Amino acid sequence: MILRLAFRNIVANGWRSITNMLVLSVVLIVIVWMQAMYFSWIRLAETQQIDWEYAKGMLRVRSYDANDPFSWEDSHAPLSAQMQGAVQQGELMPVLLSPASIYPQGRLMSAMLKGIPHDQNLVKLPAKILNPQGRDMIPVLMGTVMARSTRLSKGDVFSIRVKDINGSFNAVDAIVEDVIEIPAVTADIGSIWMDLATLREVKAMEDETTYLVMADAGLKSLEQGEFKHIDKNEYFADLYQMLKNERFQQALLYGLLLLLAMLAVFDTQALAVFRRRREIGTLAALGFTRGKISLLFTVEGALYMLFAGGLSAVLGFPLFWYFAKVGFKLPDSYDEFGIQGFSEPIRFVYPMGEILVIFALILLLTIWVSWIPTRQISRMNPVDALRGKVN
Amino acid sequence: MKMRYLMLALLLSIGSLPGQSISAEEILNKVDANMISKSGKSTTRMVVHSRRASRTIESINYSLGDSKFYSEYTSPPRDKGTKMLKLDSDLWIFDPNTDRTIQISGNMLKQSVMGSDLSYEDFMEEGSLTEDYSAKIIESITHEGRACWVMELTALRDDVSYQKRRIYIDKERFVSLYEEWFAKSGKLLKTVSASEVKRISGRWYPTKILFKDELKQGQGTEYYIDSIEFDITIPPHTFSKAMLKK
């Protein structure tokens, strides 16, 4: 009976009810959109990095720190016999990194040379084209962001200068064999890929390696000596940290939106308690306890939220569908910021579990906010209420 | 008999013509003697040519041996107060605009100094020619009107930055007038031309030098030594990090 009465009251409330539901549904749409955006962004970034760089895991030289340029030049070590065996079996793929000076069109720039076996198949990088056999110049591969920043394109020739393992300068000419879309930003920005054996020869670093990509997660048992297993949490530490910072801002925004929505609900309910005091008196005279009357108002609040949920689904559907199909893409100029996961459109995946939890929390919050003004009812004298007097 | 002695004397005199009897090693020693000092103070100008314009950077420099170097830019106003300190294999730069000192390392060492043809790595070079190279006289030529030996220098160790150099040494003044620095692969990396040599404190010293990164486009970087003093006493605190923020 209370439910039916509450529904009738909402309908009778007219545009006030509609405004409340609209405000709540807009808040819901924004929250669902943002939740989906962050969820899909992290999922995409992880997939891209795993496909292009991380595979099933990584064993990396302990001294290497991606954020510390001081460490780059000396971050390499020879492989143990066991590791060499795994490399020959195709279970591990060695990669050697080397800071270098490059001279595209005679301009001096810094770059990171990345040596990868041309016959590898653990990551998506098309390394076959890096085979130097029968070539006059060293074939190299780069991503579109790197090509844009160096103003190099397919077929261009440029010089590379490095210091070898002893500190002596070596220089070679390279040809851009191809420029490809590399969604994993760390494999694109600042990176020039070449055949591992060639880089080792140029650097006089026979058998030296910076990191090993694993074909199977179980190979982490090969962690030994100079090489340390890098788990997903460590590999994606920067990304997760960025997400953590974003989450904080996100929470502030959610808080602000919810505050506005709850103010609207509270205001409506407080006004309703004042406006409907004769009705409250009548209900009390008919035998409704104060608790039941409070429940009626609280149920009305909860219904606002439930209807707002339905309205969100209807109003938000075109938006949710668009971002699931077309995706969210930052302008190309953002590529050079190196934010993982933003190199291609983020097609939204909606985390239903998270969304339902958020919906339930907002529902509880709405119920609570709807209940607060009804405390006044407990202080009302039914006779005064019937006469339209306020305490 | 007299005729025989005369012939012998003539042959000996030919053998002892200036520059003919000297060994490659002795030449390098004499070049090092001109170029290397225990300490030094100089005021220099570096003219950096870019595609659109040229700019001149003036500085006062102090050096102690070949491992300590301190430099302060005095002009242009934009760069005035920028300081550079090299202690063995470490290099720091102080930027007065940000009031911060940064250590130059890794990839940053490969960057050009103020847009010039010199990289920070070039500033890190140490050692004398005789310590680093074995030399061979290839030929005698006339370069820019001066009689020169063309010498080929091969590094004595694997850790010498340039494994091969070709240098033109002025036969009379024992100063390098032109140098080519090669990578291990044999690719020419840099050339250095001295177009003005002056007698300073009993030494012949190049005072106008053109550095050219041969992999880079452009006219190169001119380097003028306006004044230089050798073997002077420099307070030890000059070569300390505290000096950068003073």
Side-chain angles (χ1 to χ4, degrees), chain A residues 63-76 97-114 132 136-138 150-151 157-174 189-192 198-206 210, chain B residues 48-51 89-92 102-122 124-127 132-133 153-165 180-190 211-221:
Chain A
S63 57
Y64 181 81
D65 178 355
N67 299 316
D68 177 15
F70 288 68
S71 71
W72 297 347
E73 188 80 54
D74 299 321
S75 291
H76 49 81
L97 305 185
S98 165
S101 299
I102 59 169
Y103 294 81
Q105 297 99 27
R107 290 171 292 114
L108 170 64
M109 296 179 80
S110 293
M112 181 68 93
L113 297 183
K114 297 184 173 179
D136 296 334
M137 271 177 281
I138 297 170
T150 54
R151 280 185 258 158
V157 173
F158 65 101
S159 297
I160 298 173
R161 195 188 68 179
V162 293
K163 273 201 160 183
D164 73 6
I165 196 165
N166 303 305
S168 173
F169 283 116
N170 203 357
V172 288
D173 286 334
I189 297 174
S191 306
I192 293 178
T198 310
L199 181 59
R200 281 176 169 168
E201 194 184 325
V202 171
K203 296 276 291 177
M205 285 184 179
E206 198 186 346
T210 302
Chain B
V48 180
H49 300 285
S50 63
R51 279 181 195 172
S89 58
D90 295 319
L91 184 69
W92 291 273
I102 53 163
Q103 188 170 7
I104 306 288
S105 178
N107 247 16
M108 290 165 84
L109 280 172
K110 298 177 190 312
Q111 289 172 3
S112 139
V113 179
M114 313 297 271
S116 71
D117 280 44
L118 292 161
S119 66
Y120 291 104
E121 272 171 338
D122 293 327
M124 304 301 282
E125 293 302 307
E126 291 177 3
D132 291 345
Y133 294 97
L153 273 52
T154 307
L156 292 168
R157 303 181 312 277
D158 286 338
D159 62 351
V160 177
S161 292
Y162 298 92
Q163 287 292 296
K164 196 158 272 187
R165 291 192 192 193
E180 289 174 337
W181 300 353
F182 296 92
K184 252 174 80 176
S185 61
K187 198 171 178 65
L188 178 61
L189 294 180
K190 289 208 169 143
F211 290 95
K212 174 88 180 77
D213 185 336
E214 292 297 326
L215 300 180
K216 199 175 158 187
Q217 271 183 352
Q219 305 165 43
T221 299

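Here the structure is a predicted model, which means the values were calculated and not measured. Throughout, protein chains are lettered first and strands after them, A, B, ... in sequence-line order, and every chain is numbered starting at 1.
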Using heavy-atom distances under 4.5 Å, tell me whether [X] contacts chain A through its side chain, its backbone, both, or neither.
{"X": "B/Leu215", "value": "both"}
{"X": "B/Lys190", "value": "side chain"}
{"X": "B/Asp213", "value": "side chain"}

Give the minimum heavy-atom separation between A/Asn166 and B/Asp158, together with the two atoms involved.
CB-O, 3.2 Å
For a quick test of reading the model, state the closest non-hydrogen atom pair linking A/Ala171 to B/Leu189 and the distance between them.
CB-CD2, 3.6 Å
Crowding at [atom1], [X] (>12 non-hydrogen neighbours, <6.0 Å):
{"X": "B/Lys212", "atom1": "NZ", "result": "yes"}
{"X": "A/Glu201", "atom1": "CD", "result": "no"}
{"X": "A/Arg151", "atom1": "CZ", "result": "no"}

Interchain contact, A/Asp164 with chain B, by part (heavy-atom threshold 4.5 Å)
side chain
Kindly compute the distance separating [atom1] ([X]) from [atom2] ([Y]), expressed to the nearest 0.5 Å.
{"X": "A/Ser101", "Y": "B/Lys216", "atom1": "OG", "atom2": "NZ", "value": "10.5 Å"}
{"X": "B/Lys187", "Y": "A/Phe169", "atom1": "NZ", "atom2": "CZ", "value": "15.0 Å"}
{"X": "B/Ser185", "Y": "A/Ile160", "atom1": "OG", "atom2": "CD1", "value": "11.0 Å"}

Apply side-chain contact (heavy atoms from CB on, under 4.5 Å) to A/Lys163 and B/Ser161, showing your working.
CA-CA 8 Å; A/Lys163 273 201 160 183; B/Ser161 292; 3.8 Å; yes
